[in-house]
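We name chains A, B, ... by the order of the sequence lines, and we start the count at 1 in each one.
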Amino acid sequence: GIQVEQSPPDLILQEGANSTLRCNFSDSVNNLQWFHQNPWGQLINLFYIPSGTKQNGRLSATTVATERYSLLYISSSQTTDSGVYFCAVGFFGGYQKVTFGTGTKLQVIP
Amino acid sequence: IAGITQAPTSQILAAGRRMTLRCTQDMRHNAMYWYRQDLGLGLRLIHYSNTAGTTGKGEVPDGYSVSRANTDDFPLTLASAVPSQTSVYFCASSRTGQRLPSEQFFGPGTRLTVL
């Protein structure tokens, strides 16, 4: 099956710092999402971005589907950004098969 | 507020007991999914439903069953719970489940412990 690798696995940031999270995938996909799992366990949709670039406030994401990677940028990080960030890629295989990466655990310290 | 609700929030269950996790969405999405999340293994798909009346098996279906009698509800049943089914269970939905991809949205999760 498709492999999804996220890097770095762990990240500690000082509040106010910027960071880039990376998601590499091993095969063509028609669907890519970024999620934030907060410390209470909720999965929050950040971006639905099979290709191109999107921005939402301090967050932005870019997917280069032809090169099989996506990047999530966090600028001016805040303590509320702490949690785990998941990349999930999908393709059609009888249904929309979605494979999650193992995540980047982010801790933002004041 | 539109979204996905799951019940119960958490449950401790004796091994061998039957349990149904409930999931309801009010977004009129065609497709629904059940995932389990385990430490170190990420989220894995248990069962899916592309439309009301149809269901299919995901990556880890053994020990679980689902039904999709209508668009809104997608219950997950553990016929005879075992300790390896201790996990956090997430229900999700998307507008389409066929060849046209669409964004998946997740419920708040059910934390299940089987003793």
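Linking Ile, Leu, Val, Met, Phe, Trp and Tyr whenever their side-chain heavy atoms come within less than 4.5 Å puts B:Leu78 and B:Ile46 in one cluster. Hydrophobic clustering places B:Val60 together with B:Leu112 (ILVMFWY residues linked when any side-chain heavy atoms are closer than 4.5 Å, directly or through intermediates). Hydrophobic clustering of Ile, Leu, Val, Met, Phe, Trp and Tyr side chains at less than 4.5 Å, counting indirect connections, keeps A:Phe35 apart from A:Leu32.
The OG1 atom of A:Thr102 sits 11.5 Å away from atom CG of B:Leu43, with the distance rounded to the nearest 0.5 Å. Between the CG atom of A:Asn31 and the OG1 atom of B:Thr96 there is a distance of 8.5 Å, given to the nearest 0.5 Å. Note that CD of B:Gln104 and CD of A:Gln33 are 6.0 Å apart. Values are rounded to the nearest 0.5 Å.
A:Ile44 has its side chain out of reach of B:Phe106: every pair of non-hydrogen atoms, C-beta onward, lies at least 4.5 Å apart. Using a 4.5 Å heavy-atom threshold, the side chains of B:Glu103 and A:Phe47 count as separate. Side-chain contact check for B:Phe90 versus A:Gln37: some heavy-atom pair is nearer than 4.5 Å.
Contact annotation for B:Phe105: both backbone and side-chain heavy atoms come within less than 4.5 Å of a heavy atom of chain A. Neither the backbone nor the side chain of A:Phe91 comes within less than 4.5 Å of any heavy atom in chain B. When heavy atoms are compared at a cutoff of 4.5 Å, A:Gln6 does not approach chain B at all. Interface remark: B:Leu45 contributes side-chain atoms only to the contact with chain A (heavy atom separation under 4.5 Å).
Comparing B:Gln37, B:Glu59, B:Arg44 by heavy-atom pairs within less than 4.5 Å of chain A, the highest count is held by B:Gln37.
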Just distance, no hydrogens or angles: give the donor-acceptor pairs under 3.5 Å from side chains in residues 7-22 of chain A, sequence neighbours left out.
unit_1  : atom_1 : unit_2   : atom_2 : d
A:Gln14 : NE2    : A:Pro110 : O      : 2.9
A:Asn18 : OD1    : A:Ser76  : N      : 2.8
A:Arg22 : NE     : A:Asn24  : OD1    : 2.8

